[in-house]
Amino acid sequence: MGPRASDVWTVQELPAALAWLAGFFRLDPVGATSDRDSDGPIDEWLPVLASRCDLEAVALGLGYADVEKTLHEAAPFVLELPDSTGYLLVVSCRGQRVRLRTPAGEERSWSLSQLARSLRAPLEQQIEVPVEELLDRTGCPPPRRVAAKQALLGARLADATVARGWSLTPNLGAPWWTQLRALGVPRDFFEFAACYSVRLTAVLLSWWFLWHGAVAGALDWGWIGGWAVFVLSAHLPIRLLENWFLARVSIRLGWLLRRRSLAGTLKLDPDTVGREGTAGLLGRSLEVTTVERSGVDGVLASTTYLLDLLFYAPALLVGVGGAAHGLLLLGWLALFTAAGHRYYRRLRQSMVLRHELTLDLVEKMVGQPTRVAQQDPAHWHHGEDEQLSRYVAACGAADRWETRLGTGLATGWVLFSLLLILPDFVFGQVSIGRLALSIGAILLIRQTFTVLAQSMLASMHTLVAWRRVAPLLRSGPPAPRAAAPGLRIDSGQDPLVTTRNLGYRYPDRPRPALEQCTLTIESGDRILVEGPSGGGKTTLVSLLAGLRRPDFGVVHLHGLDLQSLGLARWQQSIALTPQFHDNHVFLDTLAFNLLLGRRWPPTERDLAEAREVCRAVGLDELLHRMPAELYEQVGEVGWQLSHGERSRLFLARSLLQGADLLLLDECFGALDPVNLARSLRALSDRPEAIVVIAHP
């Protein structure tokens, strides 16, 4: 039995489904009301509409064997039914129930196994008859026939895709709370808090059990046995469940941190990347692991253990020490905080020195050929001993405070607490029950201090790492929304590119790098821009390509600005070849490096065009030398390309993008006269408009 007709969305109703989902996540649903291209495939316009609603649509295929797993991991999910008969909006999937949103605005709960069977049924019907015949010929007995049939179907259809769909989640620029809500973190944290409250209540009942037995004078082995059974049957299972929910929160937060850090790194502007360098960005990225592993466990655990201390404090006050024990606990918490602050300062100092060592090491590794060729070997290790000595001293200071915080304070608490009750114990001036209550509270608080110290150490590491990770999580301006799917560009009515009073100033410079720049570029134009170094040539092409946003003035492509067209569509129309030191050959095949601006994997037509462009720019000899031709690995540890071959590769990469405008920033400096002439002929035969940046 498949989904009911009232549960199915038509293709015309999907924009309304996206609008509802955006509203559910408290995002802006206005973009879903844009007109879509009804004649285009859904793969093209659905992700665009989703991006205009601040949602990210990721296409997924549901394999025969992992339908349930995919639905669990990908919800919310737009699921295309077999034969494109309609779509289901899967809001959530928990346990064996799937929650659907219907076009009428209702929510229905479906059995996950029933939905999976309905999706698998069309494929199973295609091979069901041969499978039944095979079972008949083998004489499979009826008791085993059902299991054997399922095993054969699973083996035959293991690699088949039963349906496709799109996972819809808030994009990485959405607020933190929106993304956490989409991942279900608040729900998991609420369940964790509920388990924590139940556990504390169980601890309170166990203490009441012992107290009642001590006061009544019936604290024998029977009472102790009953208390042990109560703890084992209630306290420990709840603690395991509590840790389970805490682990779920930690995993989901770690997943979100890694995604946002990756997105933030990719959004860094070129100037920041240049200032940070490879070593700086690598160091920041590695700190994400520290935040992920220590952050949630450390911060949440510290909070819960502090609550444990507040819970144990009344028992301490009721015991022998009374108010003196309460004051001692407050003083010890203050001492604990001061020690944590000292440790944090020492740890931050050691982390700064470690970062400096990392930068120095990476710089020396990258510049090793230059050092070997030009630097006196006697100076290769100059200053390294001093750097290491400072780092060792800083680490030693941090380790000493870690030891004091981890074990010294907890041990000191037991010593001073027992000294307070020692006179009453020696002279026997109090009841055994109150004395037992005090000793029990002291030991429990000592255990809490021990685990609190470990969680605080993890929290300190997280705070230090967060100072370096935070810029990655919030870097860069929000990207312009994608253009409306139905937006049409009439390239014959407007100039290709126009700028008016364009200006840009770098943040660390007092004077603008470019100001009052007005120009018009028509289709097919050939423009040469010359000027001295620092004159704003590279700044101009980066503004035209959308890599930077102008501080004043406007840039129009086909009469529309970047906000109207969207960054993806803008960069499809304008291809930039940066300067040699800003371009890169990736550790992959030559085909991948050539077709980087197109689609991947490529079609035969893409490969044929790549070969044609390679011949046009003079890379045909390189192709003949490579054993695997276009599929030869290139890059730092692959086939080594000369300076001129890299330059022609960068030029061919831009030509293969099929853009309306090519921006070539000093691309011909490494070419000999013969290859320069071939490259210029290849450019002259292209229909695109071309802007060439060069020195006079």
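As the structure is a computational prediction, the values presented were derived from the model and not from experiment.
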Carboxylate-amine/guanidinium contact D665 K537, below 4.0 Å
no

### Task
Indicate yes or no: does E629 engage R611 in a salt bridge with an N to O separation below 4.0 Å.
yes

Sorted by chain and number, sequence neighbours left out, ring-ring contact (aromatic ring centres under 6.0 Å, His included) with F25 holds for none

Side-chain donor-acceptor pair under 3.5 Å between R646 and N583, yes or no? no

From the list L79, V11, L46, T10, side-chain contact (heavy atoms from CB on, under 4.5 Å) partner of Y87 resolves to V11

Per side-chain contact (heavy atoms from CB on, under 4.5 Å), V8 is matched among T102, L88, L100 by L88

Measure from NZ or CZ of R181 to the centre of the six-membered ring of F24, then state whether that distance is under 6.0 Å and the direction lies within 45° of the axis. yes

Return yes when atom CZ of R625 has more than 12 non-hydrogen atoms of other residues, nucleotides or ligands closer than 6.0 Å, and no otherwise.
yes

Problem - Enclosure of R526 CZ (heavy-atom neighbours >12, cutoff 6.0 Å) - result: yes

Tell me if the CZ atom of R259 is crowded by more than 12 foreign heavy atoms within 6.0 Å. yes

Rounded to the nearest 0.5 Å, the CG atom of L663 sits from the CG atom of L544 at a distance of 5.5 Å

With sequence neighbours left out, the residues meeting ring-ring contact (aromatic ring centres under 6.0 Å, His included) with F650 are F580

